[in-house]
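In the text below, chain A, chain B and the rest are named by the order of the sequence lines, each starting its count at 1.
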2 protein chains.
Amino acid sequence: MAPTLPANRAASAGDTGRMSDIPARPAHYDLDSLLAVAVGVFNERGYDGTSMEDLARASGITKSSFYHHIEGKEQLLRLALERALAGLFAVTAETGAGSGRAIDRLEYVLRREVAVLADELPYVALLLRIRGNTGTEQWALEQRRTFDRFVSGLVAEAAADGDLRSDVDPALVARLIFGMINSMVEWLRPDRHRAGEIADAVVRIGLDGLRP
Amino acid sequence: MAPTLPANRAASAGDTGRMSDIPARPAHYDLDSLLAVAVGVFNERGYDGTSMEDLARASGITKSSFYHHIEGKEQLLRLALERALAGLFAVTAETGAGSGRAIDRLEYVLRREVAVLADELPYVALLLRIRGNTGTEQWALEQRRTFDRFVSGLVAEAAADGDLRSDVDPALVARLIFGMINSMVEWLRPDRHRAGEIADAVVRIGLDGLRP
DNA sequence: GTCTATATGTTGATAGAC
DNA sequence: GTCTATCAACATATAGAC
């Protein structure tokens, strides 16, 4: 599912024999592989701080060749944000609206969101950093707010059930706990951390300490 | 994109005495007031997404006039980041190195950091969003890492004292709890939320749930 | 599909009149 | 201290050869 990341150099004239450490330049490029490269650079330098020249260089081809495969810079952003949002909304779809106690559905959502964040890390990281400068970004921010309302409602429901301590505002709890989860994008390295372990820690910090 | 219109141009040449009319535009500009405006726009659009034209328009003067007061765009970023970091490091200085139990010093740092974040909100928000594109940003990121090591050490110390449950990695706890605090910059409105109340919630979520 | 060359707009920053 | 006018560099994106 996840396209592999080429990440090699242009090597205009003499690409000498370092082919063993550095993955060889792919035989051909498609939108998905270039998207993966672009999202990586977007996360390093920020979307606005990334030029098409940066993306071309990171892909190992020229700007012109890069444009052969894509419509423009904003298309890359849109595809990345759509992918991140698809992951988040898959969680809300799984959870449904009213089966089981809210506190249990909340724990499920917490764990699943940690998993989505780990699985789609660069895409979600990008989503969490946009500021609304373009129409695409404004649309994505509105989608994020919809997701935030969903989880916030879940926390409120669990509080109404008496399954969360009553001396903290549920809306505040929702913001802090999901802020805690979202902050993972700043340091998570999927090759060095296990999502399940982090989800356990999140539940222990966020829920075990809040249960009455 | 954004509608442009200064709308409050003062009389230029013959204006000798009357400076009481228009409140929107200050009688004079200095670096601090322009910095406040700039940081506000930086946080709306991102540093790289903000042009000097944006800053001039938000200040009600032209780009040229704006440049009369500042050295350049990066100076504004540097001043803002210095102010944010001064706030953070004031907390580490207050806390000292070894008076009292680590868990108590940790709680103190949590509460003080929430307060600093609320007091210097736009400056800290900017600090938490930089990506390291310029020398100034790289310096600030290194300072942030120093601060992170300080709080991470405090958590590890409290864990070693047996004052935190032992089934969660202290380094992970530090990242999650301070990620929770840092996420405040995404939604905090100092006129609508009270920092003390938020600090209470952070301690309840983060510590009361972790104490053995 | 890739390249070189270029069109066209925006950027940070400056010159110089008033 | 403010303005208009402008620069050189860099931005996104395209043309057209191979």
Taking OP1 and OP2 of [N], is either one under 4.0 Å from a side-chain nitrogen or oxygen of [X]?
X     : N      : result
B:H68 : C:dT14 : no
A:T62 : C:dC3  : yes
B:S65 : D:dG1  : no

Could you tell me how far apart B:H69 (NE2) and C:dA13 (P) are, to the nearest whole angstrom? 16 Å
B:F66 CZ - D:dT4 P separation (whole Å): 17 Å
Salt-bridge present (A:E44, B:R131; N to O < 4.0 Å): no
Among all residues two or more places apart in sequence or in another chain, which pass the side-chain contact (heavy atoms from CB on, under 4.5 Å) test with A:R45? A:V41, A:T50, A:D54, B:N133
My understanding is that only residues two or more places apart in sequence, or in another chain, count here; which of them pass side chain to side chain donor-acceptor pair (under 3.5 Å) with A:T136? A:E74
Modelled atom types, side-chain donor and acceptor of B:E137 and B:Y47, under 3.5 Å: no
Side chains of A:T95 and A:T92: is there a donor and an acceptor less than 3.5 Å apart? no
Would you say the side chain of B:L31 lies within less than 4.5 Å of the side chain of B:Q75, judging by non-hydrogen atoms? yes
How does each nucleotide of nucleotides 5-18 of chain D score, in 5' to 3' order, for protein heavy atoms under 4.0 Å: base (B), sugar-phosphate only (S), or none (-)? B-----SBBBB---
